[in-house]
Amino acid sequence: AQSVTQLDSQVPVFEEAPVELRCNYSSSVSVYLFWYVQYPNQGLQLLLKYLSGSTLVESINGFEAEFNKSQTSFHLRKPSVHISDTAEYFCAVSNSGYSTLTFGKGTMLLVSP
Amino acid sequence: EAGVAQSPRYKIIEKRQSVAFWCNPISGHATLYWYQQILGQGPKLLIQFQNNGVVDDSQLPKDRFSAERLKGVDSTLKIQPAKLEDSAVYLCASSQGLAGQETQYFGPGTRLLVL
């Protein structure tokens with residue numbers, strides 16, 4: 001069985017400040033890791049994913065996440081956030097078998113001016 | 001490319017009534033998923049289809065929930081009878097294949113309120 005822990009339910013931050021959203025996972029097999037974002041009144045959309053290779057993955061809008069196998073973590077970071085980054089962020093894990101995703105409870109990123 | 005379509009967007013019913021949700025996946029996507037997202041929690045998989053066959057329905061409460069994907073394209077999810085704890089957002093997603101590295105594409109969801 002696999003599980004995902006997102007310890008922070010809300011992260012308030014000021015615009016242009018850096019942010020880190022934490023994600024830890026548990027799995028007995030090799031995993032694939034995902035961050036999905038849900039903007040208000042919209043469906044979930046993929047932000048970035050780690051499949052293999054370089055442990056640092058980046059999104060087109062400035063977010064990055066690093067896969068750390070020894071710490072079983074996949075934290076999401078952005079050096080400078082914008083108001084438009086306000087959304088709920090979900091970390092998810094799947095394995096090399098079926099594509100079933102297991103999600104964390106989500107972290108609400110609240111960016112204020 | 002059109003995204004995943006879902007209807008209705010909102011539904012309010014009384015407990016013990018029945019309700020049905022519809023999903024049309026992205027064209028050509030063989031795998032379709034239904035998730036339940038209760039307020040304050042992440043999405044939880046209810047059922048997964050590969051074409052018109054069920055791959056995983058281990059977390060579907062089969063005494064009241066049913067789902068079908070008869071022609072391997074559209075899908076419906078039904079609840080009968082509904083309970084108060086079924087209040088949630090029901091998300092449909094699709095992916096090209098079944099492998100773990102596939103990206104899932106989500107619809108906007110159907111928000112259900114059971115009174």
Side-chain angles (χ1 to χ4, degrees), chain A residues 1-10 21-53 57 59-60 67 74 87-108, chain B residues 1-10 21 23-26 29-51 53-60 88-111:
Chain A
Q2 54 198 23
S3 65
V4 176
T5 302
Q6 292 181 252
L7 289 172
D8 305 307
S9 59
Q10 279 194 17
L21 306 183
R22 295 180 293 169
C23 171
N24 288 89
Y25 69 91
S26 172
S27 177
S28 57
V29 298
S30 296
V31 296
Y32 303 117
L33 292 156
F34 303 78
W35 276 99
Y36 280 82
V37 59
Q38 188 171 32
Y39 297 104
N41 297 315
Q42 294 185 29
L44 281 84
Q45 52 188 280
L46 180 70
L47 187 60
L48 48 76
K49 63 181 178 181
Y50 170 77
L51 303 181
S52 65
V57 290
S59 72
I60 58 173
F67 170 56
F74 191 55
E88 189 148 27
Y89 293 79
F90 292 92
C91 183
V93 61
S94 69
N95 60 48
S96 56
Y98 293 138
S99 55
T100 301
L101 279 176
T102 301
F103 285 88
K105 291 187 175 183
T107 297
M108 186 67 203
Chain B
E1 174 181 87
V4 177
Q6 289 188 248
S7 67
R9 292 294 308 275
Y10 305 91
F21 313 127
C23 173
N24 182 240
I26 291 173
H29 280 194
T31 311
L32 185 146
Y33 316 78
W34 283 103
Y35 290 87
Q36 180 192 58
Q37 186 178 12
I38 293 173
L39 189 64
Q41 299 183 20
K44 182 186 82 171
L45 181 72
L46 292 175
I47 189 166
Q48 178 181 348
F49 292 93
Q50 176 71 1
N51 296 311
V54 175
V55 174
D56 183 354
D57 63 355
S58 57
Q59 298 192 85
L60 186 73
V89 177
Y90 290 85
L91 299 168
C92 180
S94 69
S95 64
Q96 285 189 322
L98 196 58
Q101 68 264 38
E102 294 279 348
T103 295
Q104 295 184 24
Y105 297 85
F106 286 80
T110 295
R111 190 174 298 272

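Naming convention: chains lettered A, B, ... in sequence-line order (proteins, then strands); numbering from 1 in each chain.
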Atom group of B:Gln37 that falls short of 4.5 Å from chain A, counting heavy atoms: side chain
Toward chain A, the part of B:Arg9 with a non-hydrogen atom under 4.5 Å: side chain
Heavy-atom side-chain contact between B:Tyr35 and A:Leu101 under 4.5 Å: yes
Contact origin within A:Tyr36 toward chain B - heavy atom pairs under 4.5 Å: side chain
A:Leu44, part contacting chain B, at a heavy-atom distance under 4.5 Å: both
Closest non-hydrogen atom pair, A:Phe90 against B:Gln41: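 Heavy atoms only, the tightest pair is CE2-O, 4.0 Å.
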Residue selection (most heavy-atom pairs with chain B, distance under 4.5 Å) from A:Lys49, A:Gln6, A:Gln45: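 Top count of heavy-atom pairs under 4.5 Å with chain B: A:Lys49.
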To the nearest 0.5 Å, how far apart are [atom1] in [X] and [atom2] in [Y]?
X: A:Leu33; Y: B:Gln101; atom1: CG; atom2: CD; value: 13.0 Å
X: B:Tyr105; Y: A:Leu46; atom1: OH; atom2: CG; value: 7.5 Å
X: B:Leu45; Y: A:Thr100; atom1: CG; atom2: OG1; value: 5.5 Å
X: A:Phe34; Y: B:Thr103; atom1: CZ; atom2: OG1; value: 6.0 Å

